[in-house]
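Keep in mind that what you see is a predicted model, and the values were worked out from it rather than measured.
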Amino acid sequence: MRRRRALAAVTALAGTATAGLTSSQTGNDRLLSVARTPGEGGEASTSTERLLPGTVHETPLYAIESQRDGPTAMVFGGIHGDERSGIRVAHEVADWHPDAGTIVVVPETNRVAVENDTRRGTSGDLNRQFPGDESPTTSLAAGIWDAVERYDPDVVLDLHRSLGIYGLHREYVGQVVFHSAAARGKPLVDALNDDAVPWYLPFHRFTAQESTAGGPLLFQKAAHELDAATYLFETTEFLLDQATRTQQARLVTAHVLALHGLLEFEQAPANSTPSNTQAKTAADSTETSSETRADS
């Protein structure tokens with residue numbers, strides 16, 4: 001716990017120095033414009049329901065359906081209630097317009113933890129309550145999983161935030177996209193590194209890590225039992241201000257939807273300027289991981 005506090009203190013000091021620089025990185029505005037604007041198919045229709053109604057866990061779910069058939073993607077924010085960038089972006093996604101298929105978004109998955117601004121809710125760490133081939137271990141997890149089974153998504157994205165950087169700080173998993181075997185982890189991190197990581201932050205380049213399906217995390221259970229393409233996204237507080245973390249979560253969400261056909265967007269050729277070339281590091285290589293660390 002002391003290590004976590006110390007890293008948070010260093011992050012706060014260093015982040016003050018870099019906030020103006022990192023927050024100026026605007027990312028791919030053209031992609032975000034596609035996400036926010038109705039396409040040729042016209043306005044999407046949105047329906048709202050309440051998960052776990054009448055309980056302390058009651059939380060809204062939004063289903064945004066395009067006029068054209070396509071895959072279903074589920075986006076989750078707030079499984080850990082103090083990870084605000086994912087919560088904010090998930091709320092934004094409720095106003096996005098898929099060009100095909102359906103986006104289902106739960107912005108405040110662990111409502112009690114979100115309201116208390118804490119990682120854990122009333123029954124511990126929600127993201128450890130989805131064992132493969134078994135029933136969820138708490139009533140909150142069971143209610144979330146009921147919605148997942150009902151929508152039977154083709155794609156699942158779970159938005160998180162770590163304190164440190166994977167491979168640089170022990171125990172932390174920032175700047176990683178964990179993904180299932182069926183997902184498109186490498187193209188996703190390539191796009192993120194082009195769009196969301198400035199050349200002067202080489203240690204913040206994203207890496208893709210394949211994760212074993214069937215573990216106790218929500219995205220692992222969805223991959224194992226539903227054969228979905230699943231992702232767990234981790235940005236970091238280390239040297240990144242809130243605006244930058246939010247932009248990275250925003251861009252990963254848009255790129256996942258585009259990669260799986262919910263948004264019509266053709267990625268522009270990667271910028272090959274010398275500054276980008278110099279920013280290439282060994283972090284570009286994708287390693288395979290059999291587990292996802294406890295920070296997720």
Side-chain angles (χ1 to χ4, degrees), residues 1-5 8 48-63 74-91 93-94 104-153 156-164 171-174 176 178 180 211-226 228 230-237 249 291-296:
M1 182 61 70
R2 285 194 295 272
R3 188 186 301 114
R4 181 180 287 261
R5 291 198 191 101
T48 305
E49 64 176 279
R50 311 294 294 188
L51 302 182
L52 298 117
T55 74
V56 295
H57 303 299
E58 182 174 339
T59 194
L61 174 152
Y62 306 95
M74 293 193 78
V75 178
F76 292 92
I79 281 185
H80 295 142
D82 59 347
E83 298 176 1
R84 313 307 294 189
S85 54
I87 296 166
R88 177 174 177 177
V89 169
H91 274 293
V93 173
V104 181
V105 57
V106 185
E108 300 181 9
T109 309
N110 192 344
R111 188 66 177 271
V112 173
V114 172
E115 290 176 348
N116 293 330
D117 197 28
T118 57
R119 175 182 174 87
R120 297 167 179 256
T122 57
S123 301
D125 189 338
L126 176 59
N127 212 25
R128 297 296 183 278
Q129 298 171 6
F130 299 92
D133 293 325
E134 298 179 24
S135 298
T137 58
T138 65
S139 59
L140 172 56
I144 298 302
W145 186 248
D146 283 346
V148 174
E149 287 191 307
R150 181 156 41 87
Y151 282 97
D152 191 20
V156 172
L157 172 62
D158 188 8
L159 298 170
H160 287 263
R161 179 271 304 143
S162 185
L163 295 178
E171 298 184 6
Y172 298 114
V173 293
V176 175
F178 295 98
S180 65
S211 181
T212 303
L217 281 61
L218 175 59
F219 89 113
Q220 294 172 323
K221 187 177 181 68
H224 179 62
E225 297 189 19
L226 304 179
T230 66
Y231 304 86
L232 186 148
F233 171 76
E234 293 276 6
T235 185
T236 182
E237 284 194 3
E291 62 182 51
T292 303
R293 295 190 187 182
D295 194 45
S296 300

_Spacing of F130 atom CZ and I144 atom CD1 [to the nearest 0.5 Å]_ = 6.5 Å
*Is E237 close to S162 at the side-chain level, that is, under 4.5 Å between some pair of heavy atoms?*
no
*Search all heavy atoms of S180 against all heavy atoms of A223 and return the closest pair with its distance.*
CB-CB, 3.6 Å
*Please name the pair of heavy atoms, one in T109 and one in F76, separated by the smallest distance, quoted to 0.1 Å.*
OG1-CD2, 3.6 Å
*Do side-chain atoms of T59 reach the backbone of E108 as a donor and acceptor pair under 3.5 angstrom?*
yes
*Find out whether Q220 and T230 are in side-chain contact, i.e. whether some heavy atom of one side chain is under 4.5 Å from a heavy atom of the other.*
no
*Between N127 and H80, a side-chain donor and acceptor under 3.5 Å*: no
*side-chain contact (heavy atoms from CB on, under 4.5 Å) partner of L126, chosen from T137, L218, N110, V112*: N110
*So, for D133 and K221, which heavy atoms are closest and what is the spacing to 0.1 Å?*
N-NZ, 4.0 Å
*What's the shortest heavy-atom distance between P136 and W145, and which atoms?*
CG-CB, 3.7 Å
*About how many Å separate CZ of F219 and CD1 of I79, when rounded to the nearest 0.5 Å?*
10.5 Å
*Taking the side chain as C-beta and beyond, is there a heavy-atom pair between V75 and L159 under 4.5 Å?*
yes
*Measuring from H57:NE2 to T138:OG1, what's the distance to the nearest 0.5 Å?*
7.0 Å
*Look at the side chain of E83 and the backbone N and O of R161, then say whether any donor-acceptor pair between them is shorter than 3.5 Å.*
yes
*Can you tell me if T236 uses its side chain to pair, donor with acceptor, with the backbone of L163 under 3.5 Å?*
yes
_Suppose we screen for salt bridge (charged side-chain N to carboxylate O under 4.0 Å, His left out). Which residues come up paired with D117, at least two apart in sequence or across chains?_
R84
*Determine whether Y151 and L61 make a side-chain contact, defined as any pair of heavy atoms from C-beta on separated by less than 4.5 Å.*
yes
*Looking only at heavy atoms, which two atoms of A147 and L51 are closest? And how far apart?*
CB-CD2, 3.9 Å
*Is there a donor-acceptor pair closer than 3.5 Å between any side-chain N or O of R111 and the backbone N or O of E58?*
yes
*Within a strict 4.5 Å, meaning less than it, do heavy atoms of the H160 and S296 side chains meet?*
no
*Grab the two heavy atoms, one from P131 and one from E225, that are nearest each other, plus how far apart they are.*
O-OE2, 4.0 Å
*S85 vs T235 side-chain heavy atoms within contact, under 4.5 Å*: yes
*asked:* If we ignore hydrogens and angles and just use 3.5 Å, is the side chain of Q129 paired with the main-chain N or O of S123 as donor and acceptor?
replied: yes
